[in-house]
Asker: 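Would you mind keeping the following structure in view while I ask a few things?
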Amino acid sequence: MQNTLCRFIKILACFFLFMPGFALRAQELTPGVIHTIQCAADSSNQYSFYLPKSYDAQQKYPLLLFLDPSARGNVPVEKYKQVADELGLILAGSFNSKNFDAASSINSIPGIIKDVMQRASIDASKKWLAGFSGGSRMASSYAATYEGITGVIGCGAGFAGPEFLTGRQNIPYAGIAGNTDMNLEEMVTIKEQLTNRNKDNLLLFFDGGHEWPPAIQVKLAACL
């Protein structure tokens, strides 16, 4: 009887160990470590994930989800993990959302947000999108079209359409651009338009071109 029970426990343990996502769930809450996660509801929707070193499951944390134009979700998460540690942010970066493919973003964003909220302690009132280039345009467009996003950081590009500018909602917007960025003038114009419509906004500059900005600019933007 005892041997049968032991065999049953071993089989059960192996079953859970090899369930999709189970092994990652055992690791993903390790603070200070970047993980690649498959969404539990859709394993094809993947993202880079980072908890700040001081993470405490008993507290609530803002979520900052990055959209890279080339679907390099790990690039901004790696670049800004120190900001996450300093401000107490949870970071995610989509491996599916990419430039010139709106559907990839629309399908990826809500799935990642839902998955992160099931795995970590998120402040539902502080869910931000941050994008670079085409990812920036998608971030503002998604925030204006769908509910739940409470802030946008747009890097190196403005809006995909008029929704964010003309919508009734006042979602705080922080723009960041390099002083030699090809879209610099556009970013300046957007700030003027948002200000004229009494929408909360900020525009930051850095010494550089069309690229993800330095960590200090993202840190300032996240404080908006």
Side-chain angles (χ1 to χ4, degrees), residues 16-99 101 104-136 138-139 142-143 146 148-155 212-215 218-219 221-223:
F16 281 113
L17 180 62
F18 291 102
M19 281 182 65
F22 184 84
L24 282 177
R25 285 182 182 277
Q27 302 172 12
E28 68 193 10
L29 296 182
T30 304
V33 177
I34 296 176
H35 300 280
T36 297
I37 305 294
Q38 295 179 349
C39 289
D42 179 4
S43 61
S44 68
N45 192 14
Q46 301 183 26
Y47 61 98
S48 185
F49 181 60
Y50 184 79
L51 295 175
K53 292 179 179 179
S54 61
Y55 178 77
D56 180 352
Q58 303 305 311
Q59 300 182 21
K60 299 289 186 180
Y61 293 83
L63 169 64
L64 182 54
L65 171 56
F66 295 101
L67 307 178
D68 182 85
S70 299
R72 303 169 303 168
N74 59 310
V75 170
V77 171
E78 176 68 38
K79 189 175 183 68
Y80 304 123
K81 63 182 181 181
Q82 183 177 347
V83 175
D85 291 334
E86 293 175 358
L87 297 184
L89 307 177
I90 291 176
L91 306 183
S94 174
F95 282 115
N96 294 69
S97 175
K98 55 186 176 182
N99 211 3
D101 185 358
S104 68
S105 303
I106 293 171
N107 293 332
S108 177
I109 294 169
I112 291 175
I113 292 175
K114 180 179 179 180
D115 198 75
V116 170
M117 294 189 72
Q118 291 174 341
R119 298 175 189 268
S121 183
I122 302 296
D123 184 345
S125 68
K126 296 180 180 178
K127 294 182 291 184
W128 306 330
L129 288 179
F132 163 59
S133 193
S136 173
M138 190 63 234
Y142 185 93
Y146 301 93
I149 302 302
T150 60
V152 172
I153 300 176
C155 306
W212 279 107
V218 171
K219 180 178 179 179
C223 292

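When reading the values below, keep in mind they use all heavy atoms of this one structure, side chains included, and skip hydrogens, waters and symmetry mates.
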Asker: Just verifying a value: how many Å separate S48 OG and K81 NZ, rounded to the nearest 0.5 Å?
Answerer: 10.0 Å

Asker: Identify the residue among D123, D56, L87 that makes a side chain to side chain contact (heavy atoms under 4.5 Å, CB included) with Y61.
Answerer: D56

Asker: Say whether, by atom type as modelled, one donor and one acceptor occur between the side chain of N96 and the main chain of S104 under 3.5 angstrom.
Answerer: no

Asker: So for atom NZ, which belongs to K127, do other residues, nucleotides or ligands contribute more than 12 heavy atoms lying within a distance under 6.0 Å?
Answerer: yes

Asker: NZ of K126: more than 12 outside heavy atoms within 6.0 angstrom?
Answerer: no

Asker: For the backbone of S125 and the side chain of T150, can you confirm whether one donor and one acceptor N or O come within less than 3.5 Å of each other?
Answerer: yes

Asker: Counting distance only, does the side-chain N/O of D85 pair as donor-acceptor with the main-chain N or O of K53 below 3.5 Å?
Answerer: yes

Asker: Restricting to non-hydrogen atoms, name the atom on A215 and the atom on V83 that form the minimum distance, rounded to 0.1 Å.
Answerer: O-CG2, 3.6 Å

Asker: Give the C-alpha distance, both sets of side-chain angles, the deciding distance and a yes or no for side chain to side chain contact (heavy atoms under 4.5 Å, CB included) between L89 and Y80.
Answerer: CA-CA 10 Å; L89 307 177; Y80 304 123; over 6 Å; no

Asker: Looking at residues at least two apart in the chain, or sitting in another chain, which of them share a ring-ring contact (aromatic ring centres under 6.0 Å, His included) with Y50?
Answerer: none

Asker: Tell me if a side-chain donor or acceptor on S94 pairs with a main-chain N or O of G73 at a distance below 3.5 Å.
Answerer: no

Asker: Nearest heavy-atom pair of C155 and S136: which atoms, and what distance?
Answerer: N-OG, 3.4 Å

Asker: Report the distance from atom CG of L65 to atom OH of Y142, rounding to the nearest 0.5 Å.
Answerer: 9.0 Å

Asker: Do D42 and D115 come close enough that some side-chain heavy atom pair is under 4.5 Å?
Answerer: no

Asker: Nearest 0.5 Å please: distance from the CG atom of N107 over to the CG atom of D101.
Answerer: 8.5 Å

Asker: Considering only heavy atoms from C-beta outward, does the side chain of M138 approach that of I106 to under 4.5 Å?
Answerer: yes

Asker: Is D68 close to W212 at the side-chain level, that is, under 4.5 Å between some pair of heavy atoms?
Answerer: yes

Asker: So how far is it from Q59 CD to S121 OG, rounded to the nearest 0.5 Å?
Answerer: 8.0 Å

Asker: After noting the C-alpha distance and the side-chain angles of L67 and I109, does the key distance pass the side chain to side chain contact (heavy atoms under 4.5 Å, CB included) rule?
Answerer: CA-CA 9 Å; L67 307 178; I109 294 169; 3.9 Å; yes

Asker: For V77 and A92, which heavy atoms make the closest approach, and how far apart are they?
Answerer: CG2-C, 3.8 Å

Asker: Could you check if a side-chain atom of C39 sits within less than 4.5 angstrom of a side-chain atom of I112, using non-hydrogen atoms only?
Answerer: yes

Asker: Shortest non-hydrogen contact from K98 to A71?
Answerer: CB-CB, 4.1 Å

Asker: Go through the steps to decide whether F66 and V75 satisfy the test side chain to side chain contact (heavy atoms under 4.5 Å, CB included), and finish with yes or no.
Answerer: CA-CA 9 Å; F66 295 101; V75 170; over 6 Å; no

Asker: Counting C-beta onward and ignoring hydrogens, is there a side-chain heavy-atom pair between I37 and R119 closer than 4.5 Å?
Answerer: yes

Asker: Could I get the full list of ring-ring contact (aromatic ring centres under 6.0 Å, His included) partners for F95, not counting sequence neighbours?
Answerer: none

Asker: Would you find more than 12 non-hydrogen atoms of other residues, nucleotides or ligands less than 6.0 Å from E86 atom CD?
Answerer: yes

Asker: Between F132 and P69, what is the shortest heavy-atom contact and its length?
Answerer: O-CD, 3.2 Å

Asker: Go through the steps for I34 and F49 under the test side chain to side chain contact (heavy atoms under 4.5 Å, CB included), then give the verdict.
Answerer: CA-CA 6 Å; I34 296 176; F49 181 60; over 6 Å; no

Asker: In Å and rounded to the nearest 0.5 Å, what is the CD to CZ distance from E78 to R72?
Answerer: 13.0 Å

Asker: Could you tell me whether the side chain of I90 reaches within less than 4.5 Å of the side chain of P52, counting heavy atoms only?
Answerer: yes

Asker: Using a 4.5 Å cut-off on heavy atoms from C-beta on, say whether the side chain of Y47 contacts that of S108.
Answerer: no

Asker: Looking only at heavy atoms, what is the nearest atom pair of A222 and I153, with distance?
Answerer: N-CD1, 4.1 Å

